Amino acid sequence: MQDYDEVTSFLGEWGLFQRLIFFLLSASIIPNGFNGMSVVFLAGTPEHHCRVPDTANLSSVWRNHSLPLQLQDGREVPHSCRRYRLATIVNFSALGLEPGRDVDLEQVEQEGCLDGWEFNQDIYLSTIVTEWSLVCEDDWKTPLTTSLFFVGVLLGSFVSGQLSDRFGRKTILFTTMAVQTSFSFLQIFSISWEMFTMLFVIVGMGQISNYVVAFILGTEILGKSVRIIFSTLGVCTFFAVGYMLLPLFAYFIRDWRMLLLALTVPGVLCFPLWWFIPESPRWLIAQRRFREAEDIIQKAAKMNNVAAPVVVFDPVEELTPVKQQKVFILDLFRTRNIGTITVMSLLVWMITSVGYFALSLNTPNLHGDAYLNCFFSALIEVPAYITAWLLLRTLPRRYVIAGVLFLGGGVLLLIQLVPADYNFLSIGLAMLGKFGITSAFSMLYVFTAELYPTLVRNMAVGVTSMASRVGSIIAPYFVYLGAYNRVLPYILMGSLTVLIGIITLLLPESFGMTLPETLEQMQKVKGFRYRKKTKDSMEKEENPKVLITSF
């Protein structure tokens, strides 16, 4: 079979056609930045306390002392989930007794928020938390909402590749964009938390499917040199642009339903791209649709103002059958060495994902302006992606990945030492931690692809990517711990990030190495001893008889 890149080399690498594909596909990623992090504002939890009905016959003094105090971040604040028993303090008020002088408040019976809550509206006018009172006994529903969104992302990861292989890249790209946009719109009309959350799962499925298929379509259409920039800087940076625009929308639109409507509009604006983004010629060739692939390449040549051959794809040559070995997921654990590499890679991907998403979701809990903190959290991703790209070009993989993980984890551990009055320093350390973890996250795709042989490379990247989805499902509960102790999430994230930095140093180095083609060519894990090969085992490696089953 002829090489596609060689056959289409007459188009050049960076003509008008390639630039159009690069920027339009990257632009289609911007709504993913909205939906991926919108829960930060849609499910924001403002300060709240028990409502004391206006009809309660209380004096002004007793109304001001109707809530017990609790210690929070070193200061006493009204309790969020308890109040003094209303009937009791109404009786005290009627008798003319005063709190603190005639009545010892510590001895007064308490009760829950039987009349609901009052929410502070300085930051949010309304969120799903204020809409359905997802606080106190129901506060577990807020992280569950986010986790279920990422469950949808996990499910979408499973099906997006298979659907695009079956029905085409372009068709599935715009179908999943429609799913993401339409179900986001339906969320506006949610009448319960359960309805909102179930729709959010489907939005998550569409969100990741759109992202993955746009990534696949771009890498298949663009040339080798542009493909690398597209898969690192292009896709990631435009996601960060959408993420940066999110707090801007949220700042001016503080009602969650109207905010969701505003975030849905950019998705609708992407649909005219259907007439500008072509189907993948590689996929069309695999489907024996040579005429359509030929038309796309001829139009591309005309757009780039270059001469194209009369016949670009020869069906006889292109359809030469190539026998491909099939693999099964257990092949990633076939030997002690590859199994060790796989387990360590799964851990690195999962914990890095926990750190990335926990830091992203935790921005409203930082001191200072929640909208500005979210913007900085998104902005820091741009230099992180650029740094990752530059480091990967010139330095060994495991050292740079471990280095940025040590940086990210180390500064997160330092947050607990920052005095309470130095809030700006805590925010700066959190952003620096986000920088390190984001850099590592973006480099893991390249590192994992280089570690594994051709036979199982796609499967290895897919399985480890699934581990990162599991990490994103866990991440909201790290943020949830912050309600009990402000620095506890940073201590856990920092410790785990430093740990996986150490694990990364034990992985083989891939920089400057020839990509392995077989499992036997994979490098050995650092720090492990292996028995010397016997003559029989060496003969088996030279003449392997391995049964490889289908995935």
Side-chain angles (χ1 to χ4, degrees), residues 30-49 51 113 116-136 138-153 176-208 210 242-271 360-365 369-375 377-378 476 479:
I30 292 178
N32 294 63
F34 295 153
N35 289 284
M37 296 299 170
S38 63
V39 72
V40 168
F41 297 105
L42 297 177
T45 303
E47 292 183 0
H48 54 278
H49 58 78
R51 177 181 290 113
C113 300
W117 290 262
E118 291 185 5
F119 294 93
N120 187 306
Q121 294 188 330
D122 290 345
I123 300 177
Y124 314 106
L125 287 180
S126 72
T127 67
I128 65 168
V129 173
T130 64
E131 179 94 6
W132 296 300
S133 299
L134 307 182
V135 291
C136 300
D138 288 333
D139 63 352
W140 57 272
K141 293 181 179 179
T142 304
L144 182 60
T145 300
T146 309
S147 290
L148 289 176
F149 170 80
F150 289 115
V151 168
V153 171
T176 53
M177 286 170 60
V179 168
Q180 175 179 306
T181 303
S182 59
F183 280 88
S184 291
F185 182 73
L186 288 176
Q187 281 184 291
I188 300 170
F189 305 99
S190 298
I191 59 174
S192 66
W193 169 76
E194 290 80 7
M195 178 180 175
F196 178 91
T197 303
M198 291 305 299
L199 292 172
F200 214 20
V201 173
I202 302 174
V203 172
M205 293 178 64
Q207 193 257 2
I208 189 62
N210 168 20
Y243 186 8
M244 281 187 280
L245 291 175
L246 171 63
L248 181 65
F249 278 89
Y251 179 80
F252 291 103
I253 308 172
R254 308 219 174 180
D255 175 81
W256 75 267
R257 294 182 191 271
M258 294 306 297
L259 174 61
L260 199 51
L261 177 61
L263 296 179
T264 304
V265 172
V268 176
L269 297 178
C270 286
F271 285 103
S360 299
L361 296 171
N362 194 52
T363 49
N365 299 328
D369 188 273
Y371 301 96
L372 198 58
N373 290 338
C374 183
F375 175 79
S377 179
V479 180

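All values derive from a computational prediction rather than experimental measurement.
- Using cut-offs of 30° and 60° for the angle between ring planes, the F119 and H48 rings count as tilted.
- Smallest separation of non-hydrogen atoms from P476 and S147: CG-OG, 3.5 Å.
- Using a 4.5 Å cut-off on side-chain heavy atoms (C-beta onward), L263 and N35 make no contact.
- Judged by distance alone, with hydrogens and angles left aside, the side-chain atoms of Q207 form a donor-acceptor pair with the main-chain N or O of N32 at under 3.5 Å.
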Would L144 and W193 count as a side chain to side chain contact (heavy atoms under 4.5 Å, CB included) if you check the C-alpha gap in whole Å, the side-chain angles of each, and the deciding distance to 0.1 Å? CA-CA 11 Å; L144 182 60; W193 169 76; 3.8 Å; yes
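- Of the inter-residue distances, the one linking T45 atom OG1 with N120 atom CG reads 12.5 Å to the nearest 0.5 angstrom.
- Taking both residues in full, the closest heavy atoms of V179 and G206 are given as CG1-CA, 4.2 Å, listed atom of the first, atom of the second, then distance.
- Under the salt bridge (Lys or Arg N to Asp or Glu O under 4.0 Å) criterion, R257 pairs with E131, not counting sequence neighbours.
- Atom CD of E194 sits in a crowded spot, with more than 12 heavy atoms from other residues, nucleotides or ligands closer than 6.0 Å.
- Rounding to the nearest 0.5 angstrom, the gap separating the CZ atom in F149 from the CE atom in M205 is 12.0 Å.
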Under the side chain to side chain contact (heavy atoms under 4.5 Å, CB included) criterion, do L245 and F34 qualify, and how do the steps go? CA-CA 8 Å; L245 291 175; F34 295 153; 3.6 Å; yes
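- Every residue was checked against the side-chain hydrogen bond (donor to acceptor under 3.5 Å, both in side chains) condition with S182, not counting sequence neighbours, and none meets it.
- For the atom pair CD (Q187) and CE (M195), the distance works out to 9.0 Å, reported to the nearest 0.5 Å.
- Each of T181, L186, L259 was scored for a side-chain contact (heavy atoms from CB on, under 4.5 Å) with T264, with one residue passing: T181.
- Across all non-hydrogen atoms, the minimal contact from I191 to W132 is O-NE1, 3.6 Å.
- Residue T127 holds its OG1 atom at 10.5 Å from CD of Q121, rounded to the nearest 0.5 Å.
- When side chains are defined from C-beta on, F249 does not count as touching F41, because their heavy atoms never get closer than 4.5 Å.
- Here the side chains of V40 and Y243 are not in contact, with every heavy-atom distance at 4.5 Å or above.
- The distance from the OG1 atom of T142 to the CD1 atom of I128 is 6.0 Å, given to the nearest 0.5 Å.
- To the nearest 0.5 Å, atoms CZ (R51) and OG (S133) are separated by 8.0 Å.
- Nearest approach of I208 to V153, heavy atoms of both residues: CG2-O, 3.2 Å.
- Taking both residues in full, the closest heavy atoms of S190 and W256 are given as CB-CH2, 4.5 Å, listed atom of the first, atom of the second, then distance.
- The minimum heavy-atom distance linking P143 with D139 is given by the pair CD-O, 3.2 Å.
- Residues V39 and F200 meet the side-chain proximity criterion, which asks for heavy atoms closer than 4.5 Å.
- Legend: residues meeting side-chain contact (heavy atoms from CB on, under 4.5 Å) with Y251, ordered by chain and number and at least two apart, are R254, Y371.
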Go through it in stages, so that I can follow the logic: the residues are W117 and C136, the test is side chain to side chain contact (heavy atoms under 4.5 Å, CB included), and I'd like the CA-CA distance, side-chain angles, deciding distance and then a yes or no. CA-CA 10 Å; W117 290 262; C136 300; 3.3 Å; yes
